Amino acid sequence: MSFNLSRRGFIASSAALSAAPMMAGAKVADAPVAGPQNPLVKQRADAQVFRHDDGYYYLTGSVPEYDRLVLRRSRTIAGLATAPEAVLWRHEKSGPMSGFLWAPELHLIDGKWIVYFAAGPSGGGEDVFRIRTYAVVCDGPDPMTGRWTVLGELQTPWDSFNLDSTIFTHKGTRYIAWAQREPGIETNSNLYIAKLESPLKLAGKATRLTVPTLDWEIRGYKVAEAPAILHRNRRLFMTYSASATDARYCLGMLSADENSDLLDAKSWTKSPQPVFTTCKETSVFGPGHNSFTVDEQGRDVLVYHGRDYETIQGDPLLNPDRHTRVQRLYYTADGTPDFGVPVGNGPLPERFASAADAKLLLAHDGTRLIAGNPALAQTQFRQTPGRAGQQSVMLSPILMPGHYLVAGKDGSVTLEPDSKSADFALRSQFVRLTDARLSTVRFAAIAAPGKAIGVANGQIRLVRSRDAAARWRAD
Ligand code: AHR
């Protein structure tokens with residue numbers, strides 16, 4: 001395919017693009033699949049998203065008013081953004097569940113849909129933080145339409161502040177993990193695990209897994225809460241949220257061998273550093289209270305909340321802008337989850353590995369484009385609609401929004417800020433060509449007929465579009 005473009009002819013070319021002859025084996029251009037955009041759902045904090053074996057994704061989470069339990073369902077993750085939202089249950093008019101409702105989680109337990117949540121009374125003052133864990137149960141098979149009634153209160157080891165329970169099954173045993181304040185330990189909450197005998201009854205002694213003591217766990221408040229479990233690569237990973245719920249909120253992680261005794265605290269190793277924190281470059285602040293799911297291709301997805309501004313007026317707990325966000329979850333060579341950074345608002349980014357050498361990814365080091373495998377965030381690029389008609393796209397690194405890949409006259413490919421010039425508008429336009437047979441994509445440069453982004457002598461350059469060096473595996 002060739003694009004004979006002069007600067008004058010540039011704008012007119014968008015019409016010509018669609019008439020361009022098909023290249024053998026390549027589509028003219030991808031109509032980008034309408035994947036999820038961040039934020040996925042505004043003002044839904046503490047989000048739990050999971051794909052049930054009925055093929056639907058379910059989403060629940062805290063609402064800013066903390067007065068009701070809600071649920072959404074969709075065939076796709078992206079569809080959760082606009083899916084109708086059912087109100088399953090509202091806080092009571094008085095009593096221990098008449099105030100805050102926090103962090104619901106939906107679970108199917110022995111054929112019954114049950115929502116666990118934390119709740120407190122509405123008496124005002126400090127009493128509203130007399131938070132305990134309760135459950136409601138659905139009377140039928142469809143959680144969206146069934147009738148929900150109170151099942152009762154979770155029996156925990158102490159009559160103290162407890163919240164953020166999650167349920168998981170490992171090797172046929174059902175466990176519950178939760179956050180609780182333990183008498184004699186001066187923290188807001190620590191993490192605990194126990195086997196679950198019945199929905200509201202522990203099957204024996206609880207194990208304390210972690211107490212917030214590290215500097216990044218005790219900023220503002222000494223907090224370890226919101227446990228979430230991921231079983232991958234022969235290990236269990238338990239993420240949790242730490243510190244105050246403002247921009248200092250972050251994720252920590254415990255990991256245990258899949259064959260270890262999960263009720264032995266010594267089985268769990270704590271990452272010394274947080275695994276997921278505020279990122280000013282991508283403008284996501286206070287990422288946390290996560291869950292895990294898989295996308296429609298079965299690839300791991302991290303679900304979490306985060307604000308897109310740093311400074312909060314008033315109590316962060318009463319700030320409504322913790323939005324639900326999603327992003328791909330990758331792994332390091334030893335199978336440990338690599339969280340990278342919160343990727344920021346807009347379409348989800350991708351990574352592009354050279355089909356000629358999988359060790360070489362499209363990456364950048366500051367404004368320098370490189371072919372290599374540096375930190376995850378340096379390899380994530382966001383594709384956005386271009387300015388040469390509907391079939392052109394632009395590529396921007398998530399860490400440098402406002403900078404774009406530009407095809408140089410000299411065959412270079414550089415990262416440039418949007419100068420708003422006609423030359424930038426011409427040279428920052430590419431056409432994404434998918435080669436389904438080879439499972440590769442190419443980015444043909446509209447300003448350089450017959451050329452595409454590729455790897456030459458270990459550098460990111462414009463190469464002949466038909467060369468293998470122009471082929472990338474998107475991930
Ligand atoms: O969002 C309400 C509470 O705030 C959640 O239960 C907890 O994880 C967070 O600190």
Side-chain angles (χ1 to χ4, degrees), residues 39 41-49 59-70 91 96-107 115-122 126 128-136 153-154 156 160-167 176-181 187-192 209-210 212 216-229 238-253 274 276-278 285-292 302-307 312 314-325:
V41 182
K42 288 206 164 186
Q43 301 197 345
R44 291 296 179 266
D46 313 323
Q48 178 208 21
V49 174
L59 178 149
T60 186
S62 299
V63 299
E65 303 81 3
Y66 297 133
D67 62 352
R68 61 193 187 282
L69 303 178
V70 297
H91 64 184
M97 293 186 274
S98 59
F100 290 144
L101 302 184
W102 287 350
E105 282 205 5
L106 173 67
H107 293 278
V115 170
Y116 288 81
F117 60 97
S122 54
E126 277 305 297
V128 299
F129 292 107
R130 194 184 179 290
I131 299 286
R132 301 292 185 274
T133 298
Y134 300 91
V136 288
E153 180 179 351
L154 177 69
T156 65
S160 66
F161 178 82
N162 66 86
L163 68 166
D164 294 354
S165 56
T166 191
I167 313 284
I176 183 168
W178 73 98
Q180 185 154 13
R181 182 184 180 93
T187 60
N188 272 57
S189 57
N190 317 309
L191 289 191
Y192 299 86
L209 289 180
T210 184
W216 53 271
E217 295 178 311
I218 59 174
R219 291 174 179 153
Y221 294 99
K222 297 180 178 181
V223 167
E225 62 185 17
I229 279 286
M238 184 186 288
T239 50
Y240 63 94
S241 297
S243 284
T245 53
D246 53 25
R248 296 170 292 183
Y249 206 55
C250 61
L251 289 185
M253 187 169 75
F276 200 54
T277 63
T278 282
F285 301 90
H289 202 119
N290 80 287
S291 55
F292 296 103
L302 174 68
V303 183
Y304 59 99
H305 73 227
R307 296 183 180 89
I312 297 163
D315 183 345
L317 203 56
L318 304 180
N319 171 282
D321 293 330
R322 292 178 294 170
H323 306 315
T324 299
R325 299 170 181 275

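Atoms within each ligand, like the ligands themselves, are counted from 1 in listed order. Quick caveat, the model's predicted, so the values are computed rather than measured.
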Suppose we measure from [atom] to each protein heavy atom; which comes out shortest, and what is that distance?
atom                    : answer
atom 1 (O) of ligand 1  : D46 OD2, 2.6 Å
atom 10 (O) of ligand 1 : E225 OE2, 2.5 Å
atom 6 (O) of ligand 1  : D164 OD1, 2.7 Å

Give the numbers and elements of all ligand 1 atoms closer than 4.0 Å to a heavy atom of [X].
X    : result
A103 : 6 (O)
L317 : 4 (O)
Y249 : 8 (O), 9 (C), 10 (O)

field: Ring-ring centroid check H305 Y249, cutoff 6.0 Å
entry: yes
message: Below the 3.5 angstrom mark, is there an N/O of T245, backbone or side chain, next to an N/O of ligand 1?
response: no
How many angstroms lie between atom [atom1] of [X] and atom [atom2] of [Y], to the nearest 0.5 angstrom?
X    : Y    : atom1 : atom2 : result
F117 : L101 : CZ    : CG    : 6.0 Å
T133 : E105 : OG1   : CD    : 10.5 Å
N188 : R181 : CG    : CZ    : 6.5 Å

query: Looking at T210, T187, V223, which one forms a side-chain contact (heavy atoms from CB on, under 4.5 Å) with E217?
result: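 So the option named by the test is T210.
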Partners meeting side chain to side chain contact (heavy atoms under 4.5 Å, CB included) with D246 (sequence neighbours left out): A244, R248, I312, P316
